[in-house]
Amino acid sequence: MDDSFCYHVKAQNSRPRCIFFASRVLKLWLFFFVFICLLVLSNGEETTNANKLIKIGAIIDINSRTGREEKTALDVAAQSFNNNDSNNHKLSLHIQDSGRNPLLAATVARKLIKEQEVEVIIGLETWEEAVVVGDIGSRAQVPVLSFAAPAITPPLATTRWPFLVRMANEDSKRMKCIAAIIGLFNWKRVIVIYEDDVFGSESGKLALLPEALQDVGSEVEFRLVLPPFSSVTNPNVAVHELLKKLQKKQSRVFFVLHSSFSMTIHLFEEAKKSGLVGKDSVWIVTETISSYLDSFNSSVISSMEGTLGIKTYYSEETSLYKKFYTNFRTTFRNKYHEEDNSQPGINALRAYDSIGIITQAMEKLKSDGKSPKKLLKKILSSNFTGASGEVCFEEGQLSYDPILRIVNVVGKRYKELDFWLPGIGFSRNPGVKNETGYVGEISQDLGGRVNWPGDSKLVPKGWAMPTDEKPLIVGVPARTSFEKFVKVVDGKLPGVKNYDGFCIKLFYEVLKVLGYHLPYHFDPHNGTYDELVNKVYNKTYDAAVGDITILADRADHVEFTQPYAESGLSMIVPAKSEDSAWIFVKPFTIEMWLVTAAILIYTMFIVWVLEHQSNPEFRGPWNHQIGTAIWFAFSSLFFAHREKVYSNLTRMVVVVWLFVVLVLNSSYTASLTSMLTVKRLGPNVTDIELLKRANLKIGCDGDSFVRTYLEKVLNFKSYNIENVSSEYKYEGEFKSHRIAAAFLELPYGKVFLSHYCKQFTTSTPTFRFGGLGFVFQKGSPIAKDFSRAILQFSENGFLLSLEKEWFSPSLECSADVTDSSTTDSLSIRSFWGLYLISEATSTLCFLFFSMRLLKKYYRHRVDNVDESVWIKAIRVAKYFYLGDVVLVQREASVAPDL
């Protein structure tokens, strides 16, 4: 019993243990199953997330300020996107450094495509990098978003690099803006400075700049090429030696077209030491160099004081920009403690927007499927407003023209001035864009708010202005034919010259009204006028003062002032008397004589009609009546008529006629007296062709352009042209018959005839020139100041008084030697009113007389119905002539006084 009982007890005790063991095994298998499921699910989720990860490659210059801004902006954009739980995919950035080297950029681009398998590449701050990476991306079918664009878009760019998208604009608008600044202040000459590199980064801009400057009337005077910074061992010495070339140039408008960060620092520091950054100088930089301003320390900024630059404008008022700006400043300060300025530039904003372009394109690909070409198409179809402004592409680049902001370096910082709107120009606000373009408030006084080099508030001349140490070298013609214009004689001291004449006096007067001190030094020039002008052109002289004619070919090389005297070619010939045996008929024109004769005959007829019935002296045979009427008419011209008049109507006609005669006699006498008392001189040669046909010799000033003009334009033979060196020799040349005519410029002709008006005369100048003016080097602002002063003298009459002082004629000569001393014949226009009164009076008296006579005739007539009309007309005519009433057969009584 005990054993069974024990067995039973053991059996009962072992059963629960078996059940417990099985339970534990079941739990272990269940745990293992859950672990495997979780592992599988985890791998599936990782696979899904891997499929939604977007790999983006970025190629930038990490060590530069711009590269740091771009990297920070990319990090901010990627972090903001990845932290948004609503997004179904994540961004993975792979940033590589190129150092702005196209070859290194190509290497890292291949690495990003092959090893990292990026779907898009962004960055590329230079066009040279963009070209090589764009070519690699096009072959691998990977879209490339470049922050750079060429100066001039190459033809078929979208065909050559189909996967290259340019988040920038070409440089044509920027060059136009720079040219607009230069044109606003009327600077004529510009010196271009740029750093050379093996990739020719500046070539496109150099092609655009001259054309833009030409549109505003300026030009490039000189190009200073700086060596690549990496190729020089001592940049300060290299730059200093190159800047010595600029000391010899007159222009002080310097435009830095292209320069690296380090070279820009040395350039401005050495330029300030050399005195090129100061009063009267202008420095202008492109947007690339303006972007360095945020990275330069205070000492470099101070050496750039007064520099003008441009920057692409972007609005800081949008909510997107404000959000980005806050995150950017925080991130940038944490990463780069050494940077003083945490303001983002345009490339940072474009880097931030590039992430938005890619993510939006990826979102659009959900329904269309994913492929490189579709991704490129979605990128090019982007159309939104980002932090950098409007983002919209056309032909592979941004479709809108940028708004530029003018910046000015002041002290240790820089300030922003006006805007520049494409198609508008300078504006006080960024304007509004509509269908036709931009609309803004036009600005014309940019110079009023600019701080110029040397902390000057006055607009610089942009020219190396003369100083007491280096005065203005002025060439003066020492050999002149007419000393009243310029006269150079030896002074009392050896080597000293005295300068006098109208031109010298005018130069002195202009100096008084310039408004600034202009040191000068006269230097006599013994040579032709063309040689004098060439000396100004080749910079031997800074200017030339004298009687220099403004000609087209000269104006191509030098700058002329406003002309102070007119100029033309006049022909001087010996004068001959124009007295004539028929001079007594010249006081009246032919038309005047004919009309006067007609009026005389008409008046004679009216007097005869009114008097022949009642006045016995007007009766008798026909020949007696005609003779009496003619005698009466002609004797009345001299108030010598003796015939009495009986009719009051006749007296009225005669009174008016005698008044006409009085006026005619007085006018005729005065005109004839003038013609007889004033000697009438005329040229004995009036035609240039006659001189050439007769092979006659002519004279001119051999040092002037006139000789060449006579040969090449008027086709005179060279052997027929005599050089006359002085105004006092012309008289002898004429008297000795060595010359038949002299060709002088109009001002010289006036001076010559003011002394020889009784012996010589001139023809009206047919060939006109530009006038006489002073000469300066091309682009000199002093020429503009002189022109303004000369215009002022012309307007206030001072120039005329100066001419009278120097060129006053002799007492026997007329002041205006170009006009003949002739008296014009009197024409009918001066007397038609008087003639009209006389004729109207005679006609009215005749009509009144006829009416009275007809009334009397019809009162005494006897009607005869058998008479014809012709007989009746004859009877009326007889009554008018005889005064008899034939019808009543009685003698007509003498007509009573009317």
Side-chain angles (χ1 to χ4, degrees), residues 584-620 622-675 823-857 876-877 879-883 892-898:
F584 67 89
V585 299
K586 291 189 176 182
F588 290 162
T589 62
I590 296 177
E591 293 81 4
M592 181 67 177
W593 281 115
L594 294 176
V595 173
T596 303
I599 297 296
L600 176 65
I601 294 173
Y602 182 73
T603 305
M604 177 187 70
F605 172 73
I606 296 300
V607 171
W608 175 80
V609 170
L610 296 177
E611 290 291 324
H612 84 280
Q613 288 190 9
S614 58
N615 193 337
E617 295 185 14
F618 286 89
R619 297 179 66 86
W622 273 102
N623 57 351
H624 175 75
Q625 294 184 44
I626 293 174
T628 302
I630 294 175
W631 171 256
F632 179 83
F634 278 93
S635 62
S636 65
L637 293 175
F638 310 100
F639 304 99
H641 56 284
R642 299 179 180 179
E643 293 78 11
K644 294 182 180 180
V645 292
Y646 294 173
S647 173
N648 290 331
L649 293 176
T650 305
R651 293 189 181 99
M652 186 181 300
V653 171
V654 171
V655 167
V656 175
W657 168 247
L658 290 178
F659 177 73
V660 173
V661 170
L662 175 64
V663 175
L664 290 177
N665 280 340
S666 301
S667 302
Y668 178 87
T669 303
S671 181
L672 182 61
T673 302
S674 176
M675 290 181 177
T823 302
D824 293 334
S825 299
L826 299 175
S827 66
I828 189 63
R829 289 180 298 178
S830 304
F831 299 95
W832 71 268
L834 191 63
Y835 284 169
L836 181 62
I837 294 173
S838 175
E839 293 306 296
T841 303
S842 299
T843 303
L844 289 176
C845 290
F846 173 73
L847 292 176
F848 184 76
F849 173 79
S850 300
M851 290 175 61
R852 291 287 301 272
L853 201 63
L854 286 173
K855 183 178 179 181
K856 184 178 179 181
Y857 169 76
V876 172
Y879 184 76
F880 267 74
Y881 176 67
L882 299 174
S893 61
V894 178
D897 290 345
L898 297 176

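Just so it is clear, the values below take in all heavy atoms, side chains as well, and ignore hydrogens, waters and symmetry mates. If you read the sequence from its start, that first residue is 1, and numbering goes on from there.
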Legend entry - Rounded distance (nearest 0.5 Å) linking atom OG of S842 with atom CD1 of I837: 12.0 Å
Inset, instruction - Measure the CG-OG1 distance between L836 and T841 for me, rounded to the nearest 0.5 Å. - result: 9.0 Å
Legend entry - Non-hydrogen side-chain atoms of W832 and V595 separated by less than 4.5 Å: no
Inset, instruction - Answer yes or no: are there more than 12 heavy-atom neighbours, outside L847 itself, under 6.0 Å from its atom CG? - result: yes
Legend entry - Listed partners of V660 passing side-chain contact (heavy atoms from CB on, under 4.5 Å), at least two apart: W657, L664, L834, Y835, S838
Legend entry - Listed partners of L844 passing side-chain contact (heavy atoms from CB on, under 4.5 Å), at least two apart: none
